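All chains are named by letter (A, B, ...) in the order of the sequence lines, taking the proteins before the strands, and each is independently numbered beginning at 1. The shown structure was predicted, so the numbers you read here are calculated from the model rather than taken from an experiment.
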Number of protein chains: 2
Amino acid sequence: MNANAISKEPLYRQAKAHLLQRVCAGEWGESEMLPSEWDLAAELGVSQGTARKALAELVADGVLLRLQGKGTFVAPLPGDWGGGAVVMPGVFGGPADVLVREFLGVSRLSAGEEVASALLLRRGAPLFRVRLLWRHQGLPVATDEILLSAERFDDLDARALRARSASLHELLLRRYGVRVHVHAEQFRVEHLPREEAALLSVEPGRAALSVLSLSGPLMGDAVLWRQRYCLTDALAYTVMP
Amino acid sequence: MNANAISKEPLYRQAKAHLLQRVCAGEWGESEMLPSEWDLAAELGVSQGTARKALAELVADGVLLRLQGKGTFVAPLPGDWGGGAVVMPGVFGGPADVLVREFLGVSRLSAGEEVASALLLRRGAPLFRVRLLWRHQGLPVATDEILLSAERFDDLDARALRARSASLHELLLRRYGVRVHVHAEQFRVEHLPREEAALLSVEPGRAALSVLSLSGPLMGDAVLWRQRYCLTDALAYTVMP
DNA sequence: AAGTGGTCTAGACCACGGT
DNA sequence: CCGTGGTCTAGACCACTTT
């Protein structure tokens with residue numbers, strides 16, 4: 001924590017950015033303890049209080065977990081479904097239902113105006129298009145169309161995504177060092193396009209919940225556009241601020 | 001900060017609760033500065049650092065605003081629309097559109113099972129039912145049905161709510177000292193009931209975005225159930241975590 | 001007992017806004 | 001110039017978990 005740091009930013013912000021970078025680089029695996037406040041403070045050349053403030057912000061951002069008496073750990077990544085839980089309509093207290101991911105495929109296309117503007121790319125920039133299907137108790141309930149720059153994330157292949165346990169978020173973190181957070185979400189009612197209706201086994205034109213979300217690295221621009229169509233006959237899309 | 005305080009809670013939490021109570025009691029009006037950190041610390045009998053931590057949490061919770069060089073102020077209440085902004089679909093950067101509130105009326109009814117369970121009331125408990133209509137550029141785009149305990153919030157009258165500038169949130173704060181925050185929100189697609197369809201000038205059964213939200217005091221149970229129906233032909237309901 | 005994070009304190013200095 | 005909030009430091013003690 002010295003020389004080349006941007007001196008305009010507070011020390012604890014520089015420490016936070018430094019630690020975030022090391023977390024994203026995979027320096028500490030899941031269930032592996034980070035060094036203690038005092039050790040980190042010594043490494044970074046700051047006081048223990050400053051190191052603590054950086055760690056506290058990373059906890060608030062969902063990057064780290066701290067447990068009194070145990071230590072500091074890298075927080076598990078959210079699944080590809082994201083933060084919004086799915087529960088029975090009208091019931092707020094209950095546990096979230098489990099959704100199962102099914103990988104449909106990856107293709108390539110060119111960025112339209114909206115996507116290009118949201119992801120700060122030029123029109124026509126090459127994109128990867130990842131398609132997912134979500135099942136609840138075996139029945140399809142949602143489709144995802146995920147768009148991301150094919151230039152920034154080259155060599156994204158279907159093999160890794162097809163694995164049942166794999167997650168796009170994990171792939172982006174391990175291969176590109178990008179930890180993706182949701183920046184904003186838009187909810188609308190839309191009529192299902194033919195393709196989505198077929199995947200969800202309902203008639204085309206059926207009204208469904210459309211969830212458009214932009215994600216990207218913490219403290220960075222969005223890199224991931226996701227258009228989700230969700231059937232909400234028996235489920236509700238829940239968010240807790 | 002002494003005697004009757006719950007000694008199990010950290011000092012800064014006790015200070016936070018104490019300050020929150022004084023804010024809700026209306027001790028400081030809008031655009032009136034709170035005492036400085038040092039003065040508050042002296043009042044509460046804690047160190048300046050502890051007072052700062054309490055203030056910082058209240059800022060994070062949206063209760064206070066702090067401006068370097070100017071002072072600490074009570075944050076303005078969000079309008080009755082709440083946190084979710086409304087913008088053009090697919091456009092994330094733009095400014096939120098303005099919605100105009102129209103008060104339709106207050107009536108009384110008994111709590112059904114769902115509402116009673118969510119608000120921790122007994123089945124059949126008396127409720128107030130507040131009805132609002134939201135317009136965007138003159139056209140109706142959303143209806144609200146707001147339910148709250150008629151026992152806890154007695155003497156809620158239509159006169160105060162009918163005032164064009166009034167807000168239910170302000171009323172609850174000024175009359176009952178309750179500062180309401182959104183605890184959770186559920187999104188679904190629902191078919192418009194006759195009454196809502198008529199209010200929105202569309203045919204009954206039309207699919208609309210249903211937003212069910214529970215609100216209540218910071219650090220307390222929910223006291224307000226809101227069922228909103230929103231037309232999203234030209235608008236999208238946006239949330240930013 | 002030793003190590004971890006969590007709280008509390010005291011003091012110093014900086015950055016910003018108004019006088 | 002002063003008063004405000006914002007940052008940084010150093011040290012002490014507490015609560016919890018593990019050895």
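Between D:dT7 and A:Lys53, a contact under 4.0 Å exists linking OP1 or OP2 to a side-chain N or O. The side chain of A:Thr72 places no N or O atom within less than 4.0 Å of a non-bridging phosphate oxygen (OP1 or OP2) of C:dT4. A:Arg52 has no side-chain polar atom (N or O) that falls below the 4.0 Å cut-off from OP1 or OP2 of C:dG5.
The nucleotide whose nearest atom lies closest to any side-chain atom of B:Ser47 is, among D:dC8, D:dT7, C:dT9, C:dT9. The listed nucleotides are C:dT9, D:dC8, D:dG5; the one nearest the side chain of B:Leu11 is C:dT9. Picking from C:dG6, C:dT7, D:dG6 the nucleotide with the shortest atom distance to the side chain of A:Arg66 gives C:dG6. Which of C:dG18, C:dT7, C:dG6 sits closest to the side chain of B:Tyr12 comes down to C:dT7. Distances from the side chain of B:Glu37 to the nucleotides D:dA15, C:dT9, D:dG5 place D:dG5 closest. Listed candidates were D:dT4, C:dG5, D:dG6. Nearest to the side chain of B:Met33 is D:dT4.
When rounded to the nearest whole Å, the span between CD of A:Gln48 and P of C:dG3 equals 16 Å. When rounded to the nearest whole Å, the span between CD of B:Gln68 and C1' of C:dA15 equals 5 Å. Spacing between atom CZ of B:Phe73 and atom C1' of C:dG17 amounts to 11 Å, rounded to whole angstrom units. Atom C1' of nucleotide C:dA15 and atom CD of A:Glu9 are separated by 14 Å, given to the nearest angstrom. Atom-to-atom, CG of A:Leu65 to P of C:dG6 comes out at 11 Å; the value is rounded to the nearest Å. Rounded to whole Å, the distance from CH2 on B:Trp38 to C1' on C:dT9 is 10 Å.
Judged by distance alone, the side chains of A:Asp61 and A:His181 never bring a donor and an acceptor atom under 3.5 Å apart. A donor-acceptor contact closer than 3.5 angstrom is absent between the side chains of B:Gln14 and B:Glu9.
Atom CD of A:Glu27 has more than 12 neighbouring heavy atoms from other residues, nucleotides or ligands inside a 6.0 Å radius.
Figure legend: B:Arg228 and B:Trp81 shown as a cation-pi pair, the cationic atom lying under 6.0 angstrom from the six-membered ring centre and within 45 degrees of its axis.
Residue-level contact check: A:Leu55 touches neither bases nor backbone, having no heavy atom under 4.0 Å from any strand.
A salt bridge between A:Arg52 and A:Glu57 is absent, with no side-chain N of the basic residue lying under 4.0 Å from a carboxylate O of the acidic one.
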